[in-house]
Student: 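Let me begin by handing over the structure; questions about it come next.
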There are 2 protein chains.
Amino acid sequence: MAAKPYHHGDLERALLDAAIDVVRSDGIAALSLRDLTKAVGVTPSAAYRHFPSRDHVIAAVAMLSREDLARHMLAARDVVPARGSAQRRSVARFEAIGHAYVEFAIAHPTVFEAAFTACPVQLERTEDPRAWEVLTLAIDEMTLAGAIPASRRKDAPIIAWAGVHGLANILTGAAVPPGMEADGQIAAVVKGIYRSIS
Amino acid sequence: MAAKPYHHGDLERALLDAAIDVVRSDGIAALSLRDLTKAVGVTPSAAYRHFPSRDHVIAAVAMLSREDLARHMLAARDVVPARGSAQRRSVARFEAIGHAYVEFAIAHPTVFEAAFTACPVQLERTEDPRAWEVLTLAIDEMTLAGAIPASRRKDAPIIAWAGVHGLANILTGAAVPPGMEADGQIAAVVKGIYRSIS
DNA sequence: CGCACATGTGTACGGTGTTCACATTATCCA
DNA sequence: TGGATAATGTGAACACCGTACACATGTGCG
């Protein structure tokens, strides 16, 4: 019943939640340990009981953001209707994933930026959904369904990822090309990717 | 003859040169106004006579880095031999540009990062070589030479840029896909781009 | 109960961007 | 030519940041 117990309970989780809030509203660059700890109601030094440095909390929110993106891709894939041939359906699922990738970046640019920020510190991999695996899985589906030739299967993942990742970066970044709206470009790139691997 | 004249002469240029050095060796995140001014032999406040804020010098080196990239692309394009049909040559020039884009990013990752860093401040456009225009120019060449159908000309630039830009980001970033070496991936993506627009 | 351990506090240090009054030099006009 | 005026650099100060370290406080286990 003490309004402020000395021990917080789950400071690590609370700090990460606060960090995600900051990223959502002001971007990863605005993330400050002092702000985070103040928002949680704790002293700056307290954070160091859970993260060795600011870079480690950045790396943690980057990983959470990548999981967020991967979940969006999976959700978009699983929502495509089951009608049509297995071949057409595998392509529709693949294209849904590509659209979701870019649309996530447009809808949440700061989160997307945080997801692929160059983090000076590396976290050990966890077993979470990753964009790369979602993409390769969809490509395997297409290969099995006969939508793309087996000979292209090897290079397809990097081609696909480069396309959607590049478009997402371009559309959310400072260097937007002149005179085009996003929707048409997403469709153009996703269709282009499929054409180049089929 | 005074060893240290009160006025520097061209502080703006000197600061930008120092900034580029820092970016080359330690990346854009390590750029500090105090370091820059110290390297040039001047007081921190002096920088504010030439740049309104640190963000503006970051924006300036970003623009210089983009010009650097564009120059590399042009150089690679202009070095492809003139033999063969105009059609084959236009494709070779296009592919040389794509390779140069990604190879520049690999050779100078910190400069590439700086080039497309999300700068909180926007500079008015100058008339310098830009990657986007180099790419579209090469695509126009291919269209005229009959290497790609005119119907694909409209979507080709965004497809091409997304592909090389995405691959460059992936290969220089933290999220490298497992078990592949860069060279093969560059060739795969550039070939894939050409297939998707031809 | 008592002791070890985990967790949060307080204070301090060096570094940062930025501001502002002031000193110095260059430029241009009467 | 000389003196006002604008351009440029200085110095000290402010608020903020990440981080370290000694210390206080609570938790859980023998």
Side-chain angles (χ1 to χ4, degrees), chain A residues 1-23 25-62 110 114 117-123, chain B residues 1-23 25-62 110 114 117-123:
Chain A
M1 64 185 53
K4 287 195 174 186
Y6 195 91
H7 282 35
H8 179 280
D10 196 353
L11 224 197
E12 175 169 339
R13 189 70 227 170
L15 286 175
L16 286 180
D17 287 346
I20 290 173
D21 278 359
V22 171
V23 167
S25 53
D26 297 322
I28 192 98
L31 199 150
S32 119
L33 275 193
R34 291 182 116 104
D35 280 356
L36 257 47
T37 52
K38 187 178 306 182
V40 171
V42 106
T43 265
S45 348
Y48 287 83
R49 298 292 177 191
H50 304 271
F51 300 94
S53 82
R54 173 179 183 265
D55 286 342
H56 283 79
V57 26
I58 285 185
V61 327
T110 59
T117 195
C119 34
V121 111
Q122 212 66 354
L123 258 47
Chain B
M1 62 186 58
K4 287 197 174 187
Y6 194 90
H7 282 36
H8 180 279
D10 197 354
L11 225 195
E12 175 170 340
R13 189 70 229 172
L15 286 174
L16 285 180
D17 287 347
I20 290 174
D21 278 0
V22 171
V23 166
S25 53
D26 297 322
I28 191 95
L31 198 151
S32 120
L33 276 194
R34 291 182 115 102
D35 280 356
L36 258 47
T37 52
K38 186 177 307 181
V40 171
V42 105
T43 263
S45 354
Y48 288 83
R49 298 292 177 193
H50 304 271
F51 300 95
S53 81
R54 173 177 182 267
D55 286 341
H56 284 79
V57 28
I58 286 184
V61 326
T110 59
T117 194
C119 35
V121 112
Q122 212 67 354
L123 258 45

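Quick note on labels: first sequence line is chain A, next is B, and so on, each numbered from 1.
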Student: Identify, residue by residue, the members of residues 25-33 of chain A with a heavy atom below 4.0 Å from DNA chain C, and return them in order of residue number, or none.
Tutor: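 DNA chain C contact set from residues 25-33 of chain A: none.
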Student: Just call it for A:Asp10: base, sugar-phosphate, or nothing, with non-hydrogen atoms closer than 4.0 Å on any strand.
Tutor: nothing
Student: Tell me every residue that passes side-chain contact (heavy atoms from CB on, under 4.5 Å) with B:Ala39, counting only those two or more places apart in sequence or in another chain.
Tutor: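 In terms of side-chain contact (heavy atoms from CB on, under 4.5 Å), with neighbours along the sequence ignored, B:Ala39 is linked to no residue.
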Student: Can you list, by residue number, the residues of residues 45-61 of chain B that have a non-hydrogen atom closer than 4.0 angstrom to DNA chain C?
Tutor: B:Ser45, B:Tyr48, B:Arg49, B:Ser53, B:Arg54
Student: How would you list, by chain and number, every residue that makes a salt bridge (Lys or Arg N to Asp or Glu O under 4.0 Å) with A:Asp17, sequence neighbours excluded?
Tutor: A:Arg13
Student: Mind checking the CG-CG spacing from A:Leu36 to A:Leu31? Nearest 0.5 Å is all I need.
Tutor: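 So the CG of A:Leu36 and the CG of A:Leu31 are separated by 5.0 Å.
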Student: Atom CG of B:Asp35 to atom C1' of C:dG14: distance rounded to whole Å?
Tutor: 13 Å
Student: Out of curiosity, A:Thr37 OG1 to A:Asp35 CG, how far, rounded to the nearest 0.5 Å?
Tutor: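 Answer for the OG1-CG pair, A:Thr37 versus A:Asp35, is 7.5 Å.
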Student: Spell out yes or no: do the side chain of A:Arg34 and the base of D:dG18 have one donor N/O and one acceptor N/O closer than 3.5 Å?
Tutor: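 Such a pair is found, so the answer is yes.
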Student: Output the distance between atom CD1 (B:Ile58) and atom CG (B:Leu33), rounded to the nearest 0.5 Å.
Tutor: 8.5 Å
Student: In residues 40-49 of chain B, what donor-acceptor pairs under 3.5 Å come from side-chain atoms, sequence neighbours left out?
Tutor:
none

Student: Which residues pass the side chain to side chain donor-acceptor pair (under 3.5 Å) test with A:His56, sequence neighbours left out?
Tutor: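 By the side chain to side chain donor-acceptor pair (under 3.5 Å) rule, A:His56 matches A:Ser53.
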Student: For DNA chain C, whose closest nucleotide is more 5', that of A:Leu11 or that of B:Pro44?
Tutor: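 Closer to the 5' end of DNA chain C: A:Leu11.
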Student: Work out which heavy atom in A:Leu15 is nearest to a heavy atom in A:Phe51; give both atom names and the distance.
Tutor: CD1-CE1, 4.1 Å
